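Have a look at the structure below before the remarks.
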There are 2 protein chains.
Amino acid sequence: MNKKYKNALFTLQNAGLSKTPQRIAVLTSLLEATTPLSVRDISQTLAAKARIDRVTIYRILSLFKQHGIAREIASSGGTNYFEMASLENPVHPHFNCRNCGELSCMEPLTFSQSRQLISSQEDYSVDHIEINISGLCAVCRNATKLQKQQNKQV
Amino acid sequence: MNKKYKNALFTLQNAGLSKTPQRIAVLTSLLEATTPLSVRDISQTLAAKARIDRVTIYRILSLFKQHGIAREIASSGGTNYFEMASLENPVHPHFNCRNCGELSCMEPLTFSQSRQLISSQEDYSVDHIEINISGLCAVCRNATKLQKQQNKQV
DNA sequence: TAATTGTTGCAACTCTGTTGCATTATTGAT
DNA sequence: ATCAATAATGCAACAGAGTTGCAACAATTA
Ligand SMILES: [Mn+2]
Ligand SMILES: [Mn+2]
Ligand SMILES: [Zn+2]
Ligand SMILES: [Zn+2]
């Protein structure tokens, strides 16, 4: 509890972000979570302690993403989830249950390893595996390069 | 053109689905597409020929998914995309440009292979790689099993 | 033809996520 | 500690994706 709180304070300090109660609360939620959280999850978790507007949560998570503190996970349900991003918690696959909707973290294996692992466990039933890579496509990458060059010339 | 239309007819026939103009139109769109399409994409594409309600498109795509004809791809933008699913077009990674939003298909490689391929091409800039696996978690799998057993006993 | 069944279109709705703006809190200097 | 400058929050209103109920319509079958 208190340890997570201190961790939250340190993380904000380290990123040069102001330590508002809202940011500390959201960060503490992410640190305490065992699965990725949706904005709704965070909102409900924090509702007991303080009433933080969901817009604020969105803005805080967006900020955390920009600073590499948190990472966003898309789900086909339309809701996005967030989890802590760090060297100790590298990018990894997630398992999304079609029935209860739970999103859980998996070991950071490769695609084929994950598939093998999952099929070897009788308990799971895999419908679909998806790899999504995001970044800049060739066109946009070049456009950005050109812009930078032009800015230098001006 | 006509070839895609015939392919659409055959696919519906093969799945035992009635060949309505709306289903043929949506299926033809998917067959002609070079990238996964959103409901909005399909709606706009078909707007010239016929006015199909977006609810109908949702229902048709949901049906296609159930019959393994189409596959859904989640994107962090909140919009989901659809593409043909078949043995010739197996599950594969997708690249989502953060700038122009385009979603393009990648070769069906493993996670690590995709990462290597992408980093070896100067043009691309990768922000984030994500693997999402969906299906039934251990709890729901067991619950389903129990239900089936109980149904047999009744 | 008439009854049955399945499909579509429309309206209304829920939910996620975003934006503009006024209010309030944090920070850093005095 | 006080104050001004700046940053963050809350509120309201909004846009867009996706869903549901229901009536109208189309296809099938008797
Ligand atoms: Mn995770
Ligand atoms: Mn694809
Ligand atoms: Zn489950
Ligand atoms: Zn692009």
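Below, chains carry the letters A, B, ... as their sequence lines are ordered, and counting in each starts from 1. A quick note: this is a predicted structure, and the numbers were derived from the prediction, not measured.
Near DNA chain D, defined here as any heavy-atom distance below 4.0 Å, there are no residues from residues 65-81 of chain A. For the contact set between residues 39-54 of chain A and DNA chain D, defined by any heavy atom under 4.0 Å, the members are Arg51(A), Ile52(A), Asp53(A).
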Practice item. Please lay out, stage by stage, how Ser38(A) and Asp41(A) fare under the test side chain to side chain donor-acceptor pair (under 3.5 Å). Key: CA-CA 5 Å; Ser38(A) 66; Asp41(A) 291 335; 3.1 Å; yes
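We find that CD1 of Ile57(B) is positioned 9 Å from P of dG9(C), with the value rounded to whole Å. Rounded to whole Å, atom P of dT19(D) lies 11 Å from atom CZ of Arg59(B). Between Tyr58(B) atom OH and dG16(D) atom P there is a gap of 12 Å when expressed in whole angstrom units. Remark: C1' of dG10(D) and CD1 of Ile60(A) are 12 Å apart, rounded to the nearest angstrom. Atom CG in Leu17(B) sits roughly 16 Å away from atom C1' in dT28(D) (whole-Å rounding). For the pair Lys19(A) NZ and dT9(D) C1', the computed distance is 18 Å after rounding to whole Å. Look at CZ on Arg23(A): it is 14 Å from C1' on dT24(C), rounded to the nearest Å. In this structure, Leu63(B) places its CG atom 14 Å from P of dT19(D), rounding to the nearest Å.
Using a 4.0 Å cut-off, some side-chain N or O of Gln22(B) falls inside it from OP1 or OP2 of dG9(C).
Not a single donor-acceptor pair under 3.5 Å links the side chain of Thr56(B) to the backbone N or O of Ile52(B). For the pair Thr79(A) (side chain) and Ser75(A) (backbone), a donor-acceptor distance under 3.5 Å is absent. Judged by distance alone, the side chain of Thr28(B) and the main-chain N or O of Ile24(B) form a donor-acceptor pair under 3.5 Å. The backbone N or O of Arg40(B) sits nowhere less than 3.5 Å from a side-chain atom of Arg54(B) that would complete a donor-acceptor pair.
Comment: Glu83(B) engages Arg71(B) in a salt bridge, judged by a side-chain N to carboxylate O separation of less than 4.0 angstrom. Using a 4.0 Å cut-off between a side-chain N of Lys or Arg and a carboxylate O of Asp or Glu, Lys65(A) and Glu72(A) qualify as a salt bridge.
Rounding to the nearest 0.5 angstrom, the gap separating the CG atom in Leu9(A) from the CG atom in Leu27(A) is 8.5 Å.
Cluster membership check: Val39(A) shares its hydrophobic cluster with Phe64(A), using side-chain heavy-atom separations under 4.5 Å among Ile, Leu, Val, Met, Phe, Trp and Tyr.
Comparing Pro21(B) and Val55(A) by the nucleotide of DNA chain D that holds the closest heavy atom to each, the one mapping nearer the 5' end is Val55(A).
Residue Ser18(B) is classed as a sugar-phosphate contact, given heavy-atom separations below 4.0 Å to backbone atoms only.
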